[in-house]
Undergrad: 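Dumping the structure here so I can ask a few things about it.
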Amino acid sequence: DVACDWSSDVCSSDLALLGGRVEIDTPQGPIKLTVPPCTSGGAMFRLKGRGEKDAGGKAGDVLVRLRIVVPPVLDDESIALIERFSELND
């Protein structure tokens with residue numbers, strides 16, 4: 001099996017909260033991974049049969065650990081929205 005960390009600007013905090021699909025490059029080619037809503041950083045996904053092939057030609061699995069990328073800077077409107085979200089979800 002192959003283990004990897006995956007992070008990208010595509011895997012933003014809104015994708016982790018709302019869910020969606022992201023493209024992951026694997027040894028067997030790219031695949032669309034469905035990220036469920038409310039996924040936490042560190043979540044592991046197993047992509048069966050998408051890893052390196054062994055001597056017998058059987059492909060192993062790819063283990064993907066989700067790393068959430070947040071914006072480095074927030075504007076005032078974004079801060080206000082996040083604060084409101086926090087209030088609603090306490």
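Values in this document were obtained by computation on a predicted structure and should not be read as measured data.
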Undergrad: When you measure from the side chain of Arg65 to the backbone of Gly41, do you find a donor-acceptor pair of N or O atoms at a distance under 3.5 Å?
TA: no

Undergrad: Restricting to non-hydrogen atoms, name the atom on Val35 and the atom on Leu15 that form the minimum distance, rounded to 0.1 Å.
TA: CG1-O, 4.4 Å

Undergrad: Output the distance between atom OG (Ser40) and atom CG (Leu66), rounded to the nearest 0.5 Å.
TA: 9.0 Å

Undergrad: Other residues, nucleotides and ligands only: do more than 12 of their heavy atoms fall within 6.0 Å of CD on Glu77?
TA: no

Undergrad: Please report the closest heavy-atom contact between Arg50 and Val62, naming both atoms and the distance.
TA: O-CG2, 3.3 Å

Undergrad: Could you grab the distance from atom CG of Leu74 to atom CD1 of Ile82, nearest 0.5 Å is fine?
TA: 4.5 Å

Undergrad: Same cluster for Leu33 and Ile31 if Ile/Leu/Val/Met/Phe/Trp/Tyr side chains link at under 4.5 Å?
TA: yes

Undergrad: Return yes when atom CG of Asp76 has more than 12 non-hydrogen atoms of other residues, nucleotides or ligands closer than 6.0 Å, and no otherwise.
TA: no

Undergrad: Nearest 0.5 Å, please: how far is OG1 in Thr39 from CG in Leu18?
TA: 10.5 Å

Undergrad: Looking at CD of Glu83 and CG of Leu88, how far apart are the two atoms once the value is rounded to the nearest 0.5 Å?
TA: 12.0 Å

Undergrad: For the residue pair Pro30 and Asp25, establish whether any side-chain heavy-atom pair is separated by less than 4.5 Å.
TA: yes

Undergrad: Just wondering, do Phe45 and Ile24 contact through their side chains at under 4.5 Å, heavy atoms?
TA: no

Undergrad: Compare every heavy atom of Ala16 with every heavy atom of Ile68, then report the nearest pair and how far apart it is.
TA: CD1-CB, 3.5 Å

Undergrad: Please answer whether the main-chain N or O of Gly51 pairs with a side-chain N or O of Gln28 as donor and acceptor at a distance below 3.5 Å.
TA: yes

Undergrad: To the nearest 0.5 Å, how far apart are CD in Glu52 and CG in Asp61?
TA: 12.5 Å

